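Each remark here refers to the structure printed beneath this line.
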2 protein chains.
Amino acid sequence: MLAKGFGATSIEELIAEAGITKSGFFYHFKDKNELASGLLDRHGEALDQLLVDVFGRAGELSDDPLQYLLVGLTLLAEHMAEMPGGHPGCMVAALSYQDRLFDRDMRARITTMVRDWNDFFRRKLDAIVAVYPPREPVDTARLARMIACSIDGGIIMGKTLADPTVLPEQMLMARNHVKLLFQPVAVHVVREAA
Amino acid sequence: MLAKGFGATSIEELIAEAGITKSGFFYHFKDKNELASGLLDRHGEALDQLLVDVFGRAGELSDDPLQYLLVGLTLLAEHMAEMPGGHPGCMVAALSYQDRLFDRDMRARITTMVRDWNDFFRRKLDAIVAVYPPREPVDTARLARMIACSIDGGIIMGKTLADPTVLPEQMLMARNHVKLLFQPVAVHVVREAA
DNA sequence: TCGAAAACCGTACTGGAGGTACTGTAAACC
DNA sequence: GGTTTACAGTACCTCCAGTACGGTTTTCGA
């Protein structure tokens, strides 16, 4: 389903693969929306867990808030790169840019999930600005969205160009953006002649 | 169609709006794929023209390759922001992340268009690196994809959050990324005590 | 002005997909 | 041992993409 797309995968295909019948399917899901809802739940939890794992590990590796985020983003990028055949496709992007019109509840839940992820990055960015003076005025909300956009955009671009390296690459670009903003500049001061 | 999505818009709706019949539609398009193909052509040309206009204007405003790109991206962001009701949705993102399975020809053409746009930005970045020493090692291909990903990601995020300001905001984030990379740092050198 | 091609209209149909309705039934559980 | 859970089976409905084909109008060049 992640490979072909949600709408492109018919229920008939699913039940054939799963070895059940239509009756069985509709016993568990009242319609295809409810299947999407279930997939969204599962995917959301998996991604939350992944973020907890990766940034937990990053926390072990660094106390500094800037290094913590930079390491976390790097680990996340590596995790995406290690996935065989590239990232299977972001459920949120897959569902939010779907042909199919989902009901208001589904849309609301997708929106909430995305907001939560943005807030997740934002909190880490807020911790950074509390310590590091940014090179330019910074809106952490926008910066958090930048990270999320890099991921979503990387998925889209990787899918469009059929190049699985784009996603991790763009996650590292987001990382470098943060780094450029906050990391102090190494200046070689040439001592003036007296 | 841009509002509802490609697959969510039935041919019956289209012909009702256009005031023609099914026969008329299928006289011009052999199937819905060919309609998508036509839309892709039209949208691609429109975007090409927009880029030419915007960066032509940017060229009038600045000779410096860095300022040229920064101004161009700002103008592009402003153009997107001015669109009433936000950007109608990127055709490429809409088609490449579609339920519908397009034929190989369609996929190839989408890929080519995206590559062309990436190259467009890359050429401008190459002109910059020829003049400005980057603060970090730079791969202009990746950086060009970063700009494109910001746009696509901004569209997705804007659509998901139902916030039309996200797209121009993220385009300016891409601009700032480029700026941070190349713009010389203003250093206040404190004269050492003798 | 005439004739042919282009640009449709009307109608009827096929097939696949989502979904409904209802009956039957094997296993699980209390 | 009776009820609930978790399906299977069958039949059917609707919507939509797409086909087939004959008839009609408009356009346009000779």
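Below, read A as the first sequence line, B as the second, and so on, with proteins coming before strands; counting in each chain starts at 1. The structure presented is a predicted model; accordingly, all values stated were derived computationally and were not measured.
The CG-C1' distance, from Asp31(B) to dG18(D), rounds to 8 Å in whole Å. With rounding to whole Å, Glu34(B) atom CD is found 11 Å from dT19(D) atom P. Taking atom CD1 of residue Ile15(A) and atom P of nucleotide dA6(D), one finds them 18 Å apart after rounding to whole Å. Atom CG of Leu35(A) and atom C1' of dA17(C) are 15 Å apart (whole Å). For Lys32(A) and dG16(C), the NZ to P distance is 16 Å, given to the nearest whole Å. Atom pair Phe26(B):CZ and dC21(D):P shows a separation of 16 Å (rounding to whole Å applied).
Checked against salt bridge (charged side-chain N to carboxylate O under 4.0 Å, His left out), Arg109(A) has the following partners two or more places apart in sequence or in another chain: Asp41(A). Contacts of Phe120(A) classified as ring-ring contact (aromatic ring centres under 6.0 Å, His included), with partners at least two apart in sequence or in another chain: Phe55(A). Considering only residues two or more places apart in sequence or on other chains, Glu12(A) meets the salt bridge (charged side-chain N to carboxylate O under 4.0 Å, His left out) condition with Lys22(A). Phe25(A) is linked by a ring-ring contact (aromatic ring centres under 6.0 Å, His included) to Phe29(A), counting only residues two or more places apart in sequence or in another chain.
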Distances for protein N or O near nucleotides 6-13 of chain C N or O, under 3.5 Å:
{"from": "dA7(C)", "atom 1": "OP2", "to": "Tyr27(B)", "atom 2": "OH", "distance (Å)": "3.0"}
{"from": "dC8(C)", "atom 1": "OP2", "to": "His28(B)", "atom 2": "NE2", "distance (Å)": "2.8"}
{"from": "dC8(C)", "atom 1": "O5'", "to": "His28(B)", "atom 2": "NE2", "distance (Å)": "3.4"}
{"from": "dC9(C)", "atom 1": "OP2", "to": "Thr21(B)", "atom 2": "N", "distance (Å)": "2.8"}
{"from": "dC9(C)", "atom 1": "OP2", "to": "Thr21(B)", "atom 2": "OG1", "distance (Å)": "2.6"}
{"from": "dG10(C)", "atom 1": "N7", "to": "Ser23(B)", "atom 2": "OG", "distance (Å)": "2.9"}
{"from": "dG10(C)", "atom 1": "O6", "to": "Ser23(B)", "atom 2": "OG", "distance (Å)": "2.5"}

Notebook entry, point to check: Does the side-chain contact (heavy atoms from CB on, under 4.5 Å) test come out yes or no for Trp117(A) and Leu51(A), once each step is laid out?
Noted result: CA-CA 9 Å; Trp117(A) 288 327; Leu51(A) 288 177; 3.8 Å; yes
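Here the nucleotide nearest the side chain of Ile11(B), chosen from dG18(C), dC16(D), dG18(D), is dG18(D).
For residues 111-120 of chain B, the set of pairs meeting the salt bridge (Lys or Arg N to Asp or Glu O under 4.0 Å) definition, not counting sequence neighbours, is empty.
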